[in-house]
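Excluded from the calculations below are hydrogen atoms, water molecules and symmetry mates; all remaining heavy atoms, backbone and side chain alike, are included. Just so you know, these numbers come straight off a predicted model, no measurement behind them. Note on naming: letters A, B, ... go to the chains in the order of the sequence lines (proteins, then strands), and numbering restarts at 1 for each one.
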Number of protein chains: 2
Amino acid sequence: MKCEKVTKCRLDAVADIIGSKWNLMIIWHLRDSTLRFSELQSKMCGINSKTITKHLRDLEKESIITRTVFPEVPPRVEYTLTEPGRGILPIIDAMLIWGGKFRHPVEGREGCERNRIASAGE
Amino acid sequence: MKCEKVTKCRLDAVADIIGSKWNLMIIWHLRDSTLRFSELQSKMCGINSKTITKHLRDLEKESIITRTVFPEVPPRVEYTLTEPGRGILPIIDAMLIWGGKFRHPVEGREGCERNRIASAGE
DNA sequence: CGGTATCCCAGGCGATACTG
DNA sequence: CAGTATCGCCTGGGATACCG
């Protein structure tokens, strides 16, 4: 039976990486600077450490980011985009542009749902 | 606390559409022709009708595809990409190109996981 | 600090059956 | 043909707690 087009399956594979919200965000946040675990976590609306770890590991496995551990006393781990990883940036840009063109601007006031509760009083 | 960048949240929204494997595939298959429900379904490794229906409805709601019902005796429903929808095509292209550049070609023999079972031998 | 382990629920998706 | 309904598994991901 098999799928009639390989294209589709390729797409399928690529979508596993590009298709994940979290992956996209990690890559995006790493766009112009190396970040540490905690920095990433806080930038991403306080995403769960379990979740972020998983995606970080995936991206590392896919050679999209590199993970550097500094064996210091207060442990430090830094994440950086690799070259292949940087190749995704233009794609994200395109997505954002598309979003800007066809979707209503979304003022930004609503932020992400995840910390609407946290910012409660706000 | 709030996310420091709106960009991220935008990305989040766009990822809801572009970030879904199925959505991507539907859009891709519609790239150069209108297709009927069953055509789409068979092109996509025999994806479940429930699943495909859901995504089709989502995309329709987002004005990425249009759904045309022909009130004929054997019912016919056709799906077509809208203009905004076509705007996603270049992005998918970029994804595919990226995939081709940085990931090993993936000969295609493995097809999609979903019917590896069907092709058993593996 | 940077995780891992555990629990748990909501949702995604497949299979199957049924309908207009 | 083009769905909808139901069931049931599995993963994603949040919360919490603990560790090197």
Side-chain angles (χ1 to χ4, degrees), chain A residues 1 3 8 12 15-26 29-30 34-61 65-80 112-120, chain B residues 1 3 12 15-17 19-26 29-30 34-61 65-80 111-119:
Chain A
M1 187 239 228
C3 19
K8 174 225 137 296
D12 184 278
D16 271 345
I17 302 162
I18 319 233
S20 150
K21 259 179 161 59
W22 296 130
N23 283 353
L24 245 6
M25 288 187 196
I26 291 173
H29 283 302
L30 251 27
T34 286
L35 292 176
R36 324 179 32 167
F37 186 89
S38 51
E39 291 173 322
L40 268 172
Q41 188 171 13
S42 63
K43 275 178 187 294
M44 297 172 65
C45 302
I47 176 183
N48 217 307
S49 47
K50 189 187 71 177
T51 305
I52 199 174
T53 301
K54 178 194 184 303
H55 289 273
L56 248 12
R57 295 283 188 268
D58 284 352
L59 291 173
E60 191 193 355
K61 206 169 353 178
I65 60 174
T66 52
R67 177 169 179 269
T68 316
V69 183
F70 296 83
E72 306 174 354
V73 178
R76 184 174 23 138
V77 180
E78 292 189 344
Y79 296 92
T80 316
C112 57
E113 338 72 67
R114 263 163 280 289
N115 56 11
R116 271 219 294 262
I117 304 86
S119 27
Chain B
M1 188 234 228
C3 18
D12 184 277
D16 272 345
I17 301 162
S20 149
K21 260 178 160 60
W22 297 130
N23 284 352
L24 245 6
M25 287 186 196
I26 291 172
H29 283 301
L30 252 26
T34 285
L35 292 176
R36 327 180 29 169
F37 186 90
S38 51
E39 291 173 320
L40 269 171
Q41 188 171 12
S42 62
K43 275 178 188 292
M44 299 172 63
C45 300
I47 176 184
N48 216 308
S49 47
K50 188 186 69 175
T51 305
I52 199 173
T53 302
K54 179 196 182 302
H55 290 272
L56 248 12
R57 296 282 188 267
D58 284 352
L59 291 172
E60 191 193 355
K61 206 169 354 178
I65 61 174
T66 52
R67 177 169 179 269
T68 316
V69 183
F70 297 83
E72 306 173 356
V73 178
R76 183 172 25 136
V77 181
E78 293 189 343
Y79 296 92
T80 316
C112 54
E113 339 72 68
R114 262 162 279 289
N115 54 13
R116 268 221 296 262
I117 303 87
S119 28

Query raised in the report: If you pin A:Pro74 and A:Thr53 to their nearest nucleotides in DNA chain C, which one's is more 5'?
Result: A:Pro74
Query raised in the report: Knowing that exactly one of B:Val77, B:Ile65, B:Thr51 qualifies, which makes a side-chain contact (heavy atoms from CB on, under 4.5 Å) with B:Leu56?
Result: B:Ile65
N/O (side chain, [X]) to phosphate O (OP1/OP2, [N]) under 4.0 Å:
{"X": "B:Thr51", "N": "C:dG14", "answer": "yes"}
{"X": "B:Arg57", "N": "D:dA2", "answer": "no"}
{"X": "B:Arg67", "N": "D:dA2", "answer": "no"}

Of the listed nucleotides ([options]), which one gets closest to any side-chain atom of [X]?
{"X": "A:Val77", "options": "D:dG14, C:dG2, C:dT4", "answer": "C:dG2"}
{"X": "A:His55", "options": "D:dG20, D:dG3, D:dG13", "answer": "D:dG13"}
{"X": "A:Ile47", "options": "C:dT4, D:dA2, D:dG14", "answer": "D:dG14"}
{"X": "A:Trp22", "options": "D:dG13, D:dT4, C:dA15", "answer": "D:dG13"}

Any side-chain heavy atom of [X] sitting closer than 4.5 Å to one from [Y]?
{"X": "B:Asn48", "Y": "B:Thr53", "value": "no"}
{"X": "B:Leu24", "Y": "B:Lys21", "value": "no"}
{"X": "B:Phe37", "Y": "B:Pro75", "value": "no"}
{"X": "A:Tyr79", "Y": "A:Ile26", "value": "no"}

Between [atom2] of [N] and [atom1] of [X], the distance in whole Å:
{"X": "B:Asn23", "N": "C:dG12", "atom1": "CG", "atom2": "C1'", "answer": "12 Å"}
{"X": "B:Asn48", "N": "C:dA17", "atom1": "CG", "atom2": "P", "answer": "13 Å"}
{"X": "B:Asp58", "N": "D:dG3", "atom1": "CG", "atom2": "C1'", "answer": "15 Å"}
{"X": "B:Lys54", "N": "C:dC13", "atom1": "NZ", "atom2": "P", "answer": "7 Å"}
{"X": "B:Ile26", "N": "D:dA2", "atom1": "CD1", "atom2": "P", "answer": "14 Å"}
{"X": "B:Lys21", "N": "D:dG12", "atom1": "NZ", "atom2": "C1'", "answer": "13 Å"}
{"X": "A:Glu72", "N": "D:dG20", "atom1": "CD", "atom2": "C1'", "answer": "15 Å"}
{"X": "B:Leu56", "N": "D:dT4", "atom1": "CG", "atom2": "P", "answer": "10 Å"}

Query raised in the report: What is the nucleic acid contact for B:Pro75, judged by heavy atoms within less than 4.0 Å: base, sugar-phosphate only, or nothing?
Result: base
**Report entry** Sugar-phosphate only, base, or nothing, as touched by A:Tyr79 at under 4.0 Å among non-hydrogen atoms
**Finding:** sugar-phosphate
Report task. Tell me which residues in residues 34-41 of chain B put a heavy atom below 4.0 Å from DNA chain D, sorted by number, or none. Result ->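 Those residues whose heavy atoms fall under 4.0 Å from DNA chain D, taken from residues 34-41 of chain B in numerical order, are B:Arg36, B:Phe37, B:Ser38.
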Query raised in the report: Measuring from B:Met44:CE to B:Ile52:CD1, what's the distance to the nearest 0.5 Å?
Result: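 Atom-to-atom, B:Met44:CE and B:Ile52:CD1 are 5.0 Å apart.
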Query raised in the report: Taking it one step at a time, do B:Leu30 and B:Thr80 satisfy side-chain contact (heavy atoms from CB on, under 4.5 Å)?
Result: CA-CA 6 Å; B:Leu30 252 26; B:Thr80 316; 5.9 Å; no
Requested in this report: Assess whether one donor atom and one acceptor atom, taken from the side chain of A:Lys50 and the base of C:dG3, lie less than 3.5 Å apart.
Outcome: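 Not at all, since no donor on one side and acceptor on the other fall under 3.5 Å apart.
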